[in-house]
Amino acid sequence: MDAVVAFLISIPISPLLSLLFEGIDRKLHARMQKRIGPPVLQPFYDLIKLLGKERIIPATASTRIFEIMPMVSTASSLLGASILLSNILSNSNIVGDLILIIYLLAMSSIALIVGGSASGNPYSAIGFSRKISMMIAYEIPMLIAVISMAFGPSPSLAVSSIIEFQVSRGLPLVASRLSMALAAAAFLLCIPAAASVVPFDIPEAKTEIIYGFLIEYGGPYLALAKVSKSVLNFTLTLLASAIFLYIPSLLGEAALLNLGLSLFLCLIVSLLIMFITITVPRTVLARLKVGQALKFYWVLPLTLSFSSIILSAVNL
Amino acid sequence: MIERGIEKEVEVEYTRLRIHFGPVHPALKEPVSLRVFVKGEEVVDVDIVLGHVHRGIESLAEGRNLAQALYLVERICGICSHSHTTCFTQALEEISGIKPSERALYLRTLIFEMERIHSHLLLLGIMAYEVGFDTLFMFTWHVRERILDLFEKITGNRIHHAMNTIGGVRWDLTPEMVKELDACLGEIEKSIKYIHDAFMDKTVEKRTYGLGVLDHSRAIKLCVVGPTARGSGVNIDVRRDHPYAAYNDMKEVFSVILRKDGDVYARTEVRLLEILESINIIRMVLDRLPEGSIRPEENIFRLMRKIQEGEAVSLVEAPRGELLYFVKTDGKGGLRRLKVRTPTFSNLACLKHVLVGHEIADIPVIVASIDPCLSCTNRVTIINRENGELNVVGMDTLRRRVRKKWMQ
Amino acid sequence: MRVGKVFRDAFRSLFRKPVTVEYITKPGKMVPVPERFRGRISYDRETCIGCLLCIRVCPGGVILSTEEGKVAFNISRCILCGQCAEVCPKGAIKLSSQFEIVTYNKEELTIK
Amino acid sequence: MFRVISRGRIKSPWIFHLNTGSCNGCDIEVVAAFTPRYDLERFGCLLVGSPRHADVLLVTGPVTRQMLPRLIRVYEQIPEPKVVVAVGTCASSGSPFLGSEMIEGPADRIIPVDAYVVGCPPRPEAIVKGVVMAVMSKFR
Ligand code: SF4
Ligand code: SF4
Ligand code: SF4
Ligand code: SF4
Ligand code: SF4
Ligand code: SF4
Ligand code: SF4
């Protein structure tokens, strides 16, 4: 498929897929709590409803930033998702590599917290500072895990070339090298924090600071924020599945010829990843405190990602 | 007072932020307003503002007859409603000399302990919810439903049992109920073990151990009661110290659970283990349940007439600690004065103490561990906050106004 | 590790039937209402002798006397304590098992 | 288009629960309605913590004097369209606290209430039904 066409197709598809994923996540979460839970299409209903609601801007907010930031956030996470998706769909790259995608995702989180703290609510302010500490904690291992790829196997950091590399080996990256297995582990451990779910939902802890930076957003703004978060989660899981666990590579060259099938397999894998890294932790764990979360990230994922860099430097 | 619940209020000092924790806050189902002063994430000072659920129950009760007052005091709170009515009827019985039958006393004890189980389970669920552990919260509340079902079967309502009446109880236990209770107790016992394990889970442990420490001497100084005190090693329990209802006969089957650490975990564990004790007591009650009638023959009007002028103080151990009633009757089926001292009211005093020095993230957990349910705590004078003037409405004017409104 | 226990339980419930009672979505499904349940008041006007005892004990001010010497209930004020049913010498008041006292309009809730 | 939006609204009523001086009886029943046995979430309901996110305001309690300004404030903070459900006898009519100096309620004296759930406390099922009914009538 032509890269540009793929990109254009990805833009509407990625939010749809993300919301679907979110719905599945919520359903599974409920089932694990012995409940029936909301319908799988619930996030769509939520979105429609929120879009149709009144727009309220709190009097204490600095209006412009408060209004614009959710859009910025959604745009950047959408862009990140579309780049990734179009890479998988067309197996070619028009713009940007892994670093750009990760950057766009971070951008989308930052835009949200900046917008939220422009509301002037003290809870948002606390959420802001918490999110920043959390980002420092997880972004670094995440980035290092990705960069370790450049030291080692892959010729470039473009997603399509990483996929090609995996296909040419006939094995997903995790299986082919020890260093990549460590990097994948670090990356997966960072997903719950990046998606900010329990135990790392510290920046928006409902019972502590009432959603933190989201507190003053309502109606369409909240809808945008929700979409942005949901696309972000989706992109993270899809990213993990595409660069570390590209299962279609087991099919060999056929994977590149039959891109639709590959995408489907990839989505299945990312659904599994979502289940493991998002649904399960938020079901069976309690929320940590900032200090504890920082400690966790400084110890485990950081060590993992550093060792993966060292190992890939010595070509293991 | 102007709403400040979710509004910013930055203090003069630039790093010191004043947050209003409540009265509208998802972590607390009841409106309490804590004004928390923080520096970064650390709590430096706490102010407690009460009175959001002040409904004037005491003075309302003084304007009604005893039968009506009985249901009114029940609605002081929906969690230990039975404690309130028991305490109230006990005082009336003391004044009038009406003796409830043994069976009635045993049934009171039964509901009392069931209520303790339900209340403790509720709190454990809330604790789990505060630390973001929704699954555990769902689980504990699901276990609690069993108890509520039994309440509904025995008394006809899940929350406000309306079990007590002057001189006895209103609903009797049938043999099927006994059987069902027995089965349910076994299930709950099993679940408690599971919950206990879950509370020792790594992430929960991280959020509860060593937090909000209230040491022994301070606990005594601040007059805390109930599980909060017992978590700090203060050995008090009205059930043992001043036995009422059928607790005199139960002495050998329950022990007072004590923990020394005084932290959130200790308080939680005290509650967990108290559930097991309560189960023992219920088993004993079912075992020994005497035969007989459950209430006096006379109807409520006769009984009310029998209550002469007098006053009495009555004590019970509500799930959250010692509950005290002072009742003064007017001899005409009404009340001259009612005074309620509820456990949470005593316990709240320690909040400031246990919160300072901790992180914002710990506030809900610590507050929940004191188990502040505030519907009964909101009392005291009427302070007009807008102009800061203290406005103590005299008893008579208040009563007059109350009457007037009631008549409409 | 103790996380394991919760996880095992949660994972198992994925494949079990949820405990939810599908009230409303499936007609007829609900938690059984026990016999003693105190629900909406049912009043038998014929047997009532107008002694007004019920008015004297009602804590909610629910019951009003009507001109014909009978009583009327303003259910929206009723706290379902059952005291009126208890004192009524004729058993004219009963607390039925109907628990869904939901309405758009409070005035509908008066029974005579 | 309009039908799509109204369907979305009916399918996703987010609930903000405000205790205006209740006895806790109704509050715990509201929370109980979210637990597995009753599971309000199967109707798409969520218990949200900020009025800005909410569509449905559940009022419990007879509205005490201190909570009066907060009730109004929270009501105003909820973006349109919104539904108010009074849960419990004391929110519906103020009884049995009527006559007290401290009571400003019932809720419908202060804000428009769309549905009343009477009971002290109502069963969680009744609360579920109240929310569903209110949403159905207002958002249709
Ligand atoms: S605080 Fe005052 S008005 Fe309220 S119940 Fe107590 S005495 Fe009555
Ligand atoms: S008011 Fe209560 S806590 Fe305070 S000193 Fe008196 S008894 Fe102790
Ligand atoms: S302490 Fe007070 S509010 Fe809490 S359950 Fe007991 S009576 Fe109710
Ligand atoms: S002002 Fe006096 S009478 Fe009133 S509560 Fe305080 S101490 Fe008691
Ligand atoms: S049940 Fe109670 S509140 Fe209702 S009418 Fe009868 S006495 Fe009054
Ligand atoms: S007590 Fe019974 S008979 Fe007397 S007025 Fe009331 S309903 Fe009628
Ligand atoms: S209706 Fe009854 S149970 Fe509900 S808050 Fe009011 S008094 Fe409590």
Side-chain angles (χ1 to χ4, degrees), chain B residues 1-3 5-6 23-31 49 51-57 59-60 63-64 68 71-72 74-79 81 122 125-126 129 137-139 141-142 144-145 148 152 157-160 373-376 378 382 385 393 398 401-408, chain D residues 16-39 41 47-53 60-74 76-77 88-90 94-105 119-124:
Chain B
M1 186 175 163
I2 324 126
E3 152 76 24
I6 346 185
V24 182
H25 191 281
L28 301 161
K29 287 287 156 274
E30 294 100 295
V49 184
H52 303 294
V53 260
H54 180 97
R55 288 159 297 179
I57 291 185
S59 61
L60 261 184
R64 302 197 180 169
Q68 294 168 333
Y71 298 104
L72 196 61
E74 183 165 40
R75 276 147 187 92
I76 287 180
C77 175
I79 306 176
S81 57
L122 180 134
I126 296 286
Y129 180 69
F137 157 71
M138 295 281 180
F139 183 81
W141 278 55
H142 186 62
R144 184 176 151 268
E145 287 289 324
L148 293 183
E152 208 174 30
N157 196 304
R158 290 156 53 94
I159 305 289
H160 287 307
C373 40
L374 297 154
S375 358
C376 63
N378 284 289
I382 310 144
R385 278 192 185 279
V393 179
L398 198 63
R401 283 196 244 167
V402 167
R403 287 256 162 75
K404 209 169 76 207
K405 241 179 165 178
W406 173 241
M407 287 305 169
Q408 304 167 355
Chain D
F16 184 80
H17 164 218
L18 182 69
N19 174 339
T20 58
S22 90
C23 77
N24 286 352
C26 286
D27 310 72
I28 51 183
E29 294 294 62
V30 167
V31 179
F34 282 89
T35 56
R37 164 83 81 75
Y38 306 100
D39 192 23
E41 204 184 346
L47 199 56
V48 294
S50 162
R52 298 251 190 252
H53 303 183
T60 57
V63 190
T64 57
R65 193 184 281 180
Q66 282 225 29
M67 288 309 282
L68 172 74
R70 287 187 172 76
L71 175 62
I72 297 171
R73 178 73 176 258
V74 164
E76 281 165 358
Q77 278 179 338
T89 301
C90 60
S95 156
F97 308 113
L98 270 186
S100 164
E101 263 297 282
M102 304 299 135
I103 304 297
E104 305 278 356
C120 187
R123 279 182 131 200

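Any value given below was found using the heavy atoms of this structure, including those in side chains, with hydrogens, waters and symmetry copies removed. Every chain is numbered from 1 and lettered A, B, ... according to where its sequence line falls, protein lines coming before strand lines.
In this structure, the side chains of B:Arg158 and D:Pro124 come closer than 4.5 Å at one or more pairs of heavy atoms.
Separating the CD1 atom in D:Ile28 from the CD1 atom in B:Ile159 is a distance of 3.5 Å, to the nearest 0.5 Å. The distance from atom CZ of B:Phe137 to atom CZ of D:Phe34, rounded to the nearest 0.5 Å, is 9.5 Å. The CD atom of D:Glu29 sits 6.5 Å away from the CG atom of B:Leu148 when rounded to the nearest 0.5 Å.
With sequence neighbours excluded, no residue forms a side chain to side chain donor-acceptor pair (under 3.5 Å) with D:Thr89. For the side chain to side chain donor-acceptor pair (under 3.5 Å) test, residues two or more places apart in sequence or in another chain that qualify with B:Arg144 are B:His118.
In terms of heavy-atom proximity, D:Pro121 sits nearest to B:Asn157 at CD-OD1, 3.7 Å.
Of the residues considered (D:Cys120, D:Gly25, D:Cys26, D:Gly61), D:Cys120 shows the highest number of contacts with chain B, using heavy-atom pairs under 4.5 Å.
For chain D, the nearby parts of B:His160 are the backbone and the side chain; heavy atoms of each come within less than 4.5 Å. Contacts between B:Glu74 and chain D at a heavy-atom distance below 4.5 Å are absent for every atom of the residue. Using a 4.5 Å cut-off between heavy atoms, D:Pro36 contacts chain B through both its backbone and its side chain.
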